[in-house]
Structures are given as structure tokens and as C-alpha cells.
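Have a look at the structure below before the remarks.
Note that these values count all heavy atoms, side chains included, but never hydrogens, waters or copies made by symmetry. Not measured: the values here are computed from a predicted model.
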Protein chains: 2
Amino acid sequence: MFVQMTQALGLPRSLGEIYGLLYASPRPLVFQEIVERLQLSKGSVSQGLRFLRTIGAVQPVVVPGDRREYFEPVVDLRYLVGGFLRERLTPQIEAWGIRSQALRVEDFAQSWGDVPIEAYRKVIVERLDKLKTWQRRAGAVLPMIGKLLG
Amino acid sequence: MFVQMTQALGLPRSLGEIYGLLYASPRPLVFQEIVERLQLSKGSVSQGLRFLRTIGAVQPVVVPGDRREYFEPVVDLRYLVGGFLRERLTPQIEAWGIRSQALRVEDFAQSWGDVPIEAYRKVIVERLDKLKTWQRRAGAVLPMIGKLLG
DNA sequence: CATCGAGTTCAAATAAAAATGAACCGGAAA
DNA sequence: TTTCCGGTTCATTTTTATTTGAACTCGATG
């Protein structure tokens, strides 16, 4: 199930495998155990855990007297989704904002055959505005999604 | 910008190119013009347009006396996002619901070393419940996102 | 201070996804 | 009825993304 979800979100399947394993485990797992149970390379698990940590899907757990790192899943949906949006979508939206502000009508001077330049200019102005509106709304709505799930 | 967005959503770049071209065009475009301007194969454009139509990102326009199909972008963000969620995420969420209902505690009998079976059973029951909760909430929230953008 | 264990990095190999293009379909025009 | 046009399908090729694994870092341990 978690693998399918990562696929739907355009993420590598190993992320789904790792998260799923932790989700089904009654106790935190160490790096090495994840490698063995999933038959993945150390590299994949290392990178996978790093990503899962940055989006807040997985938490390190310290076990006193053991220098290995333990991991457990974060099972708070709000937090999880929030992390994903924050890491993957919000940066995009922001980059969008910057780029759309920078676009000028003059940049769109290419030929569209029979369409007179003034008519084209009008369409472009409208669409650029729309783009900025989108960016604003998306920026406002994304943070709300997490709260709706809470 | 549209290409970047499709990448962030895990969709092929050609979708972004096609949508972006239509977005920058002051008039509807025919299939052939899309192929030429983007230097894509007919196959790619055909499939790309099909997908864009199913999520409602693009609309066919009929021009009387011309048997070719014309396309224009749907610039209503609400509709666009709604289509994407409906086509890509909602089916996943539903499949999830079905699978999580079918899961039984007994399916999780494998060994976790020192963890006593009763303790494990307890964790699994909790987590399966959580999964069902997630599924319900996601089902409730997804349709609202479109409205928030409206 | 050499060695070991735990984990990271990154170039190379592999697997997966997307694009291509040739064969095809169906309707309109010749 | 045959040809042509506009478009679709799908096996193959190409591109891109992911995984691997060997070399490495870093701190603890003998």
C-alpha cells in the first residue's frame, strides 16, 4: 500500500518499502535491519531514510548504550502530509511566483500567424495575471491542507 | 514553468510542454501545430492530449468546416486541480480503503525477535485503525481542496 | 594509533518511464 | 471504391530515474 502511494506521488518505491516496513514494525528498527529485511543496498536505505527524515515521515530514536540509529514511523497524517507539501510542492510554488513576476508581455512576441499583435498582447496579459493569482492561492491553500487533516 | 510543475507531480514533461504551449497561445491549436512547434512525435502528442483531456486541463474546440480537432487550455485552477486529484489521487485513496479493510491482524504473524506476540498485536490493531482513519480523512479533504481554490 | 562498525557518498549499472515511429483505423474527398 | 487526411495504438528505442556497491568518513574500541 505504501509503495503504491509513493508511486502515485512520483517518489521511488524504496521509500514506500522503508516506510511500510517501519509502519508494520512494533518497535524501532536499526539501519542494518532495514537493509536485511528489504534486501536493499545500504546506499538506497541511507538515501531513503534521509528523504523520509527531511519530510518528517520518520523519526530517529536514541537507544542508550547503542550507537546505532533507530527509526520509527511518524504516524500523524497531518504532519506527514505537511512535510511532503513543504518539501516538494511549496518550493515549486515559490519558484513559480518569482518566475511569473519576471515574465514580461514582450517576451511573447513570436508569431501566431493571423492573430494581430494587440489581440495576442491582451490574451497574454490576462494569462500572466491568472498565473500570479494561481500562485497566490496555492500558497494560501497548501498550508491549510495539513490543518484540515488534523 | 509548466514542465517544472509536471515534474514535481511525477508526470511526463511532454504534458507540461503541451499545456504550456496552449497556455501561451492566443487561439486554439490543432494537433499538427502542437507536433510541429514542440518537435514531438504524433504518438506523444496524442497520448499527452488524451491525458490532459481526462484530467480536464485541456478542452477540444470545434471549428465548423474544419474536421481537425482544436484544443485550448482550461485556465480555471479549481477545475484543473480537481481533475488531477480525481484522476490520480482519489482512485489510490479508494484502493487503499478497500485494502486496509481487508487486512487482518493475523496477516502480521511474522517474527519481530523479542517482541511478544500480544504486544505486537496491540501495535498492529492501532496502526490498522490509523490507516482507516487516514483513508476516511483523505477522502473527505481531497474534494474540499478544489473548493478552497475557487 | 590501528582497526572496526555504522553509515554516507557518488560514479556506474540497472530498471523504469517516456518518446518515437511505423502500422493501422475510420471517415471524407476524389 | 480508392486515396488521403487526421489521428490512435503499441512494440521498440531512447531517456531518465533509481539502485547498487565500492570507496570513503567518522567516531568509538582495543
Within 45° cone of Trp96(B) ring axis and under 6.0 Å: Arg136(B) NZ or CZ: no
CZ on Arg13(B) to OG1 on Thr6(B), rounded to 0.5 Å: 7.5 Å
Residue met sooner reading DNA chain D from 5', once Arg13(A) and Lys42(B) are mapped to nucleotides: Lys42(B)
side-chain N/O Arg50(A) vs dT9(C) OP1/OP2, d < 4.0 Å: yes
Approximate separation, where rounding is to 0.5 Å, of Leu103(A) CG and Arg127(A) CZ: 14.0 Å
Residue whose closest nucleotide on DNA chain C lies nearer the 5' end, Phe31(A) versus Pro12(B): Phe31(A)
Touch class at under 4.0 angstrom, heavy-atom based, for Gln39(B) against every strand present: sugar-phosphate
Ser46(B) side chain near dG7(D) phosphate (N/O to OP1/OP2, under 4.0 Å): no
From dG7(C), dG6(D), dG21(C), nucleotide with atom closest to Glu69(A) side chain: dG7(C)
Residue Gln47(B), side-chain atoms from C-beta onward, closest of dT20(C), dA28(C), dT8(D): dT20(C)
Presence of Arg53(B) side-chain N/O under 4.0 Å of dT8(D) phosphate oxygens OP1/OP2: yes
Mutual orientation of the aromatic rings belonging to Trp134(A) and Tyr19(B) [parallel < 30°, tilted 30-60°, perpendicular > 60°]: parallel
Contact under 4.0 Å: Ser14(B) side-chain N or O vs dA19(C) OP1/OP2: yes
Distance test, side-chain N/O of Arg67(A) to OP1/OP2 of dC26(D), below 4.0 Å: no
